[in-house]
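As structure tokens, the structure follows; a few thoughts come after it.
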Number of protein chains: 2
Amino acid sequence: MKIRLEQKEQTRRRLIDAALQLAAEHGFSALSLRDVAKAADITPAGFYRHFRDLDELGLVMVDEIALALRQLIREARSRFKERRGRTRASIEAFMDYVHQKPHLFRLLLGERLGGSRAFREALRKEIDIFIAELGEELEAQARAAGRPTKDIPLAAEAVVAIVFSVGAEGLDLPRHRHSGLIDRIITEVHLVLAGAGLIKR
Amino acid sequence: MKIRLEQKEQTRRRLIDAALQLAAEHGFSALSLRDVAKAADITPAGFYRHFRDLDELGLVMVDEIALALRQLIREARSRFKERRGRTRASIEAFMDYVHQKPHLFRLLLGERLGGSRAFREALRKEIDIFIAELGEELEAQARAAGRPTKDIPLAAEAVVAIVFSVGAEGLDLPRHRHSGLIDRIITEVHLVLAGAGLIKR
DNA sequence: ATGCTCAGTGAACAGTCGTTAACTCAAAGT
DNA sequence: ACTTTGAGTTAACGACTGTTCACTGAGCAT
């Protein structure tokens, strides 16, 4: 009782990956069941052995994005524990993730603000978690350093807005420009943290 | 030589407005020529009296967005001249614009980061102008107040990222929550400006 | 070895898509 | 008054869409 389920799982993955790729290129609402099936080397009818319709695939895609986002948070939090250059370490983790799964990230960016209402709300929820966890990390640091915590929630929201917005440029940039982009993001994040009294400049 | 052109111009406007509305709801790449024509009370074939194909309509839509963005800049700059509460005045101008042309703004947000490459680059160019003009305004203020101007370009970029990202929430929010949202944006923008040494807190 | 399960196939369906062609008929030019 | 123009219509095309159905054939339990 293995080969069977294993192969099914493989084609399922191919379907999801194909869908993520295509959705990243032309947007989720431009997804075609037939294109997804073709890209996954499957007949259109075969699609229905895995999902009831495209919307169900859509839910799985959102879950996939949510999962990757949580892994990113974990990685960024763990790198954040370093003694110096916390901001740089976290943002490098973020950019690594962006370049490991570019279509996943592109889809996230495109559907977060545009896109259909349901999609948008699902992504907003995940990003709110992202912001909240960043806030916790900042608060722990601030308490340890005896600094004010009043502005932390808004600072976390601002930092995420900056990292997502500016980081998105990295998707269109050639490799050798990445480090410059990271420096830019770091400086902008430092502006926010300094404004909130969390670091001195 | 009037009635004829006048009526043509009217249906052209109906086509553009219908396209903006539909694109805001389901994304530009999900636009259907037939849907656009129907929403503009025209037969599909009639569409071709106005545009060669959907892509040509797309270019016009980008121009439309660019124009509105420039009008917004003008309004925000003029309100920025006030003696006190410059930030608030500018951001209120921004939010006014967002609510006057919600689909135009929704489309802008959705296609800026996701969307097709050409669309994305066209919008990025316009937003870069937006950032540059904000930078000029900040620099004039900083010089007059004898404050440092070093971080202004990055501060402007960060401010725009925040205003667009957080301001996008206003599109999904009921009216009575708007003022709270504006307060939030103002505080976050002040964090950046304070971090850049442009205001004291 | 035999029969069952079920992932994937091939063909057909009703709709929708973009696009073309020949048309109508009110406005504009003469 | 007579002709020309051109915005918009109706009808049809081939291609593509999501979905259904009966099928095949390998993986599995017995």
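Residue numbers start from 1 in every chain, and the chains themselves are labelled A, B, ... in the order their sequence lines are given, proteins ahead of strands. These numbers were taken from a predicted model, which means no experiment stands behind them.
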Between the CZ atom in A/Arg124 and the CZ atom in A/Arg117, the distance rounded to the nearest 0.5 Å is 9.5 Å
Rounding to the nearest 10°, end axes of the helix from C/dT5-D/dA26 to C/dT30-D/dA1 built from five pairs each make an angle of 20°
note: B/Glu56, atom CD; C/dT19, atom C1'; distance rounded to Å ~ 15 Å
- [ ] Tell me, yes or no, whether the heavy-atom count around A/Arg74 atom CZ, taken from other residues, nucleotides or ligands under 6.0 Å, exceeds 12.
- [x] no
When rounded to whole Å, the CG to P distance for the pair A/Leu5 and C/dA7 reads 8 Å
Separation between CG (B/Leu108) and CE (B/Met61), nearest 0.5 Å, reads 11.5 Å
Side chains of B/Thr87 and B/His190: is there a donor and an acceptor less than 3.5 Å apart?
-> yes
5' to 3', nucleotides 8-18 of chain D under a 4.0 Å protein heavy-atom cut-off (B base, S sugar-phosphate only, - none) gives BBB-B----BB
Q.
Could you check whether B/Phe164 and A/Phe164 have their ring centres less than 6.0 Å apart?
A. no
Separation of C/dG18 atom P from B/Leu15 atom CG, nearest Å, is 13 Å
Practice problem: Evaluate the side chain to side chain contact (heavy atoms under 4.5 Å, CB included) criterion for residues A/Arg70 and A/Glu133: first the C-alpha distance (whole Å), next the side-chain angles of each, then the deciding distance (0.1 Å), finally the verdict. | Solution: CA-CA 10 Å; A/Arg70 292 203 194 99; A/Glu133 299 219 8; over 6 Å; no
Rounded to the nearest 0.5 Å, the CD1 atom of A/Ile186 sits from the CZ atom of A/Arg86 at a distance of 14.0 Å
Are B/Gln141 and B/Arg147 close enough that a side-chain donor and a side-chain acceptor fall under 3.5 Å?
-> no
To the nearest angstrom, the NE2-C1' distance between B/His26 and C/dT16 comes to 15 Å
Here the distance between atom C1' of D/dA26 and atom NZ of A/Lys2, to the nearest Å, is 18 Å
In whole angstroms, the gap separating P of C/dA7 from CZ of A/Phe51 amounts to 13 Å
